[in-house]
Each structure stands twice: as C-alpha cells, then as structure tokens.
Amino acid sequence: MNTVIKIFSAPLNIQSATDWIMSPESGGIDVFIGTVRNATKGKPVIRLEFEAYEPMAIAEMEKIAKQAFEKWPVQKILIHHRTGVLEVGEIPVIIAVSAAHRAAAFDACRFIIDTLKQTVPIWKKEIFEDGEVWVAAHP
Amino acid sequence: MNTVIKIFSAPLNIQSATDWIMSPESGGIDVFIGTVRNATKGKPVIRLEFEAYEPMAIAEMEKIAKQAFEKWPVQKILIHHRTGVLEVGEIPVIIAVSAAHRAAAFDACRFIIDTLKQTVPIWKKEIFEDGEVWVAAHP
Amino acid sequence: MNIKVLAFGISKEIFGRSSVNLELANDATVYNLKYVLEHQYPRLKQLASYMIAVNNEYALPGDTIHERDEIAIIPPVSGG
Amino acid sequence: MNIKVLAFGISKEIFGRSSVNLELANDATVYNLKYVLEHQYPRLKQLASYMIAVNNEYALPGDTIHERDEIAIIPPVSGG
C-alpha cells in the first residue's frame with residue numbers, strides 16, 4: 001500500500017499533494033478538494049473549526065485506504081486533513097488517488113471521501129454571525 | 001456558464017487550474033489529471049504526441065461543459081488539454097469542476113472526461129521503441 | 001476501576017472539559033459506560049448518536065472495558 | 001465545386017499532407033464526399049471509423065456540403 005495519510009494544523013498544499021501522487025505508472029489521477037463554503041443552507045458562514053481525535057482519525061483513514069486498495073486497482077492514495085480554524089475558501093481536505101486507468105481512481109476517491117465523512121473522528125464547528133454549531137451533532 | 005476551456009502547446013499547470021476553480025461559493029472540487037503512462041497493454045511507451053483540430057476541439061469541449069451545467073448543479077468548469085510531444089509523467093489533460101456539494105462535482109468531472117475521450121477531435125500517437133501508432137485508429 | 005474518557009467536539013462542551021474520570025465495575029462493558037455517562041451528563045441523550053472508541057477502534061455495546069484502555073466518546077463525526 | 005478537406009492524425013498520414021482539394025458536384029452530401037475520399041484513399045476504409053466535420057460540427061451522411069464550408073475528416077479520436 002503506497003499511502004500518505006496526514007493531519008495538518010497548517011494550510012494544505014495542493015501542489016505538494018499532486019507532486020506526490022503523480023508517477024510514470026499512472027494514467028489517471030482523481031483529486032478531491034474540500035473547500036470552506038461561505039454559506040450553509042443559505043446562512044452565511046464566518047469560519048469553520050476542525051477538531052480531530054488524531055491517532056484514531058489516522059487509524060480510520062488508513063482503514064479506508066486499505067479498503068480502497070482491496071476494492072479497486074489503484075496505485076497511490078493520499079489523504080491530507082486540516083484541523084484548527086479555517087476561513088472561507090480554505091481547504092479542510094485533499095484526497096488524491098492514482099491508478100493505471102481512470103475509473104478506479106474516480107471510484108476510489110469518491111469512496112474515500114464518502115466513507116471519511118461517515119467514520120473518521122473529526123468534527124467541524126460552523127461559526128455564524130449569531131452563534132456556532134457542531135455539525136451533525138443533534139438530530 | 002463559468003468555464004475556462006483551453007488548448008496549450010506548453011506544459012499544463014495544476015496549481016493555476018486549481019487556483020481558478022476555487023471560490024467562496026464552492027464546497028467540493030473534483031480534479032481529474034491525465035498523465036502519460038510508461039506502458040500501454042504491457043508495452044513500454046517512450047512518449048506521446050497529441051494533435052488537435054483546435055477550433056472544433058474547443059467547440060466540442062464547450063458543448064460538453066454546457067451539457068454538464070445542464071445535468072448537474074455545478075459552479076465552474078475548467079478543461080485544459082495539451083498538444084505536442086509529451087514525455088512519460090507529463091499531463092495531457094486537467095479537468096476541474098467546482099460545486100456547492102461534492103456529488104455534482106464528481107459526476108460532472110467524470111462525465112466530462114468520459115465524453116471528451118469520445119467526441120473531442122484530439123488524437124494521440126503512441127511512440128514505442130519499435131514504432132508508433134495512432135491510438136484507436138484501426139479496429 | 002477508574003477510567004478516563006476523552007471528549008471531542010460537542011461532547012467536550014457537554015463535559016465542560018476534554019476528559020472526565022469515572023468509577024466503573026471491573027467487568028464493565030461499553031453499555032455500562034454509556035449508562036453512567038448519560039446519567040452524569042444527560043445532554044448526551046440529545047445527541048443524534050454517539051459511539052465509544054476503545055484503543056482507537058469503534059467499540060460495540062457488549063465489549064468489555066479494561067483499566068488501561070484508551071476510551072473516547074465519539075459524537076457524530078463531520079470531517080471532510 | 002472545389003472543396004478542401006482538412007486532415008488530422010492518421011488521416012493526415014493517409015493523405016500524405018494536412019489537407020486535400022477535391023472536385024464535388026454542387027449539391028454533394030457528406031455521403032458523396034466519403035465515397036470520393038474512399039475511392040482516392042482506400043486506406044480510409046481500414047479505419048475503425050471516421051466522421052466528417054462541417055464548420056466545426058460533426059455532420060450526418062445526408063448533410064449537404066457548400067463550397068465555402070470548412071470540411072475536415074475526423075478519424076477515431078483519442079484525446080484525454
């Protein structure tokens with residue numbers, strides 16, 4: 001398994017992610033970039049705060065990468081996740097997947113972000129002008 | 001339609017593509033990067049040469065972007081395609097799609113590369129040690 | 001036995017700190033732990049859901065807890 | 001009428017140059033053009049397929065060709 005899985009408290013760098021993922025063996029690379037949107041359900045967002053249970057978050061992301069390698073013929077997987085305070089337009093997450101053929105890269109990249117959002121112990125607080133809320137905490 | 005569609009004879013730049021695609025309105029960005037693989041069907045590839053019928057290629061890529069905007073709630077679409085001689089590891093194509101929510105970005109990005117490969121008048125010649133072949137030309 | 005429960009996100013706010021110490025029976029399960037936690041911090045019952053992690057893995061209600069396990073409460077995640 | 005047909009990729013190699021000039025009847029269709037092309041360049045028939053583009057759009061066999069149209073032969077594409 002050729003993976004890089006890291007949690008950063010400083011800004012993520014797209015170029016360093018794509019530099020690592022590219023290789024002479026790959027033909028297709030899919031990169032998902034999450035960005036902080038300026039509104040949620042129509043309400044203006046000032047900033048986000050991300051908190052991670054880091055050792056478990058790394059372990060869960062490694063599990064997801066392992067599953068992706070088992071499900072699809074992919075070559076490399078990179079997951080970079082931010083913590084701390086993020087302003088609108090900043091990048092909470094970059095996922096990059098390389099494969100000989102593009103279908104596997106697309107399928108695996110989408111699986112990784114979908115599963116990450118369900119299982120990886122990272123939490124996001126949305127800060128609005130009039131208050132703040134931990135996303136998904138309450139029904 | 002917020003699109004950038006260009007054909008370049010010089011190397012493509014991932015960072016300039018992602019710089020353009022990011023915006024405060026978007027929450028998810030999917031980027032497909034095609035790269036020149038060092039082998040095709042197990043045979044070592046020395047380099048590729050891409051040729052485009054440029055005005056029609058631009059027109060067809062604009063049609064594809066328009067269809068993507070009609071089919072999914074996406075915000076921006078970028079398509080950068082290379083022509084000329086590409087060595088192994090170089091980038092023939094970058095497709096970037098931004099959306100408020102990631103599902104649309106993934107669906108549209110994949111649709112664009114799949115359709116581009118079927119309809120856009122660009123041709124690729126694979127150069128091997130012992131000869132060269134226009135890809136897909138013959139049955 | 002005395003155990004420490006790590007807290008993150010909304011659970012840290014409910015506890016008022018980033019971990020709490022609890023007394024549990026020596027053969028306590030995750031189910032027993034949740035019962036004690038919800039008794040002391042009833043706001044946990046208002047969460048959409050929450051899980052307990054033992055040694056960096058999601059635990060099932062019947063799993064037994066040991067004194068030196070790393071225990072954490074995992075409210076609904078929202079990364080990515 | 002005299003028309004010019006642009007060529008790319010394998011069709012440029014079949015023609016031996018990047019365009020050819022042809023004489024066609026004034027009401028010629030794409031179908032007629034393909035017939036003339038294949039007669040002069042039989043290797044076209046060995047292609048997996050090919051299309052004719054008229055003014056930067058894929059044309060159908062029944063479409064009529066006009067003298068000042070930009071005509072191109074589009075062998076199987078392989079971009080991306």
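Only a predicted model underlies this, so the values are computations on that prediction, with no experimental measurement involved. Convention: sequence-line order gives letters A, B, ...; per-chain numbering from 1.
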Colleague: Using a cut-off of under 4.5 Å for heavy-atom pairs, which of A:Gly27, A:Ala103, A:Gly89 has the most such pairs with chain B?
Modeller: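 Of the options given, most contacts go to A:Gly27.
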Colleague: Under a 4.0 Å threshold between the charged nitrogen and the carboxylate oxygen, would B:Asp114 count as salt-bridged to A:Arg102?
Modeller: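 Yes, charged N to carboxylate O under 4.0 Å.
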Colleague: Heavy-atom distance under 4.5 Å to chain A: side chain of B:Ala96, backbone, both or neither?
Modeller: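 Contact with chain A is absent: no heavy atom of B:Ala96 under 4.5 Å.
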Colleague: How far does NE2 of A:His101 sit from CZ of B:Arg37, to the nearest 0.5 angstrom?
Modeller: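 If we round to the nearest 0.5 Å, A:His101:NE2 and B:Arg37:CZ are 4.5 Å apart.
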Colleague: Do A:Arg110 and B:Asp107 pass the side-chain contact (heavy atoms from CB on, under 4.5 Å) test, and can you show the C-alpha distance, the side-chain angles, and the key distance before you say yes or no?
Modeller: CA-CA 10 Å; A:Arg110 192 163 184 166; B:Asp107 285 340; 2.7 Å; yes
Colleague: A:Phe32 versus B:Val31: any side-chain heavy-atom pair under 4.5 Å?
Modeller: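 Of all side-chain heavy-atom pairs linking B:Val31 with A:Phe32, none is under 4.5 Å.
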Colleague: For residues B:Val88 and A:Pro24, report the shortest heavy-atom separation together with the two atoms involved.
Modeller: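 Where B:Val88 meets A:Pro24 most closely, the heavy atoms are CG1-CB, 3.6 Å.
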Colleague: Please look at B:Ala100 and chain A and tell me whether the side chain, the backbone, both or neither of the residue comes under 4.5 angstrom of a heavy atom of that chain.
Modeller: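 Both parts, heavy atoms under 4.5 Å.
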Colleague: With rounding to the nearest 0.5 angstrom, report the CG to CD1 distance, A:Asp30 to B:Ile95.
Modeller: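 These two atoms lie 10.0 Å from each other.
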Colleague: Under 4.5 Å, counting heavy-atom pairs only, tell me which of A:Val36, A:Val93, A:Ile113 racks up the most with chain B.
Modeller: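 Between A:Val36, A:Val93, A:Ile113, the count favours A:Ile113.
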Colleague: Can you establish whether the number of heavy atoms outside A:Lys6 located under 6.0 Å from its atom NZ is more than 12?
Modeller: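 Open.
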Colleague: State, yes or no, whether a side-chain contact exists between A:Ile14 and B:Met22 at a heavy-atom distance under 4.5 Å.
Modeller: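 Touching, per the 4.5 Å side-chain cut-off.
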Colleague: With a sphere of 6.0 Å drawn around CD of A:Glu70, does it hold more than 12 non-hydrogen atoms of other residues, nucleotides or ligands?
Modeller: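 Yes, because the 6.0 Å sphere around CD of A:Glu70 holds more than 12 heavy atoms from other groups.
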Colleague: Roughly how far, to the nearest 0.5 Å, is CD1 of A:Ile33 from OG of B:Ser98?
Modeller: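 Here the rounded value is 10.0 Å.
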Colleague: Can you measure from CD1 (B:Ile91) to OG1 (A:Thr18) and round to the nearest 0.5 angstrom?
Modeller: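 Here the rounded value is 7.0 Å.
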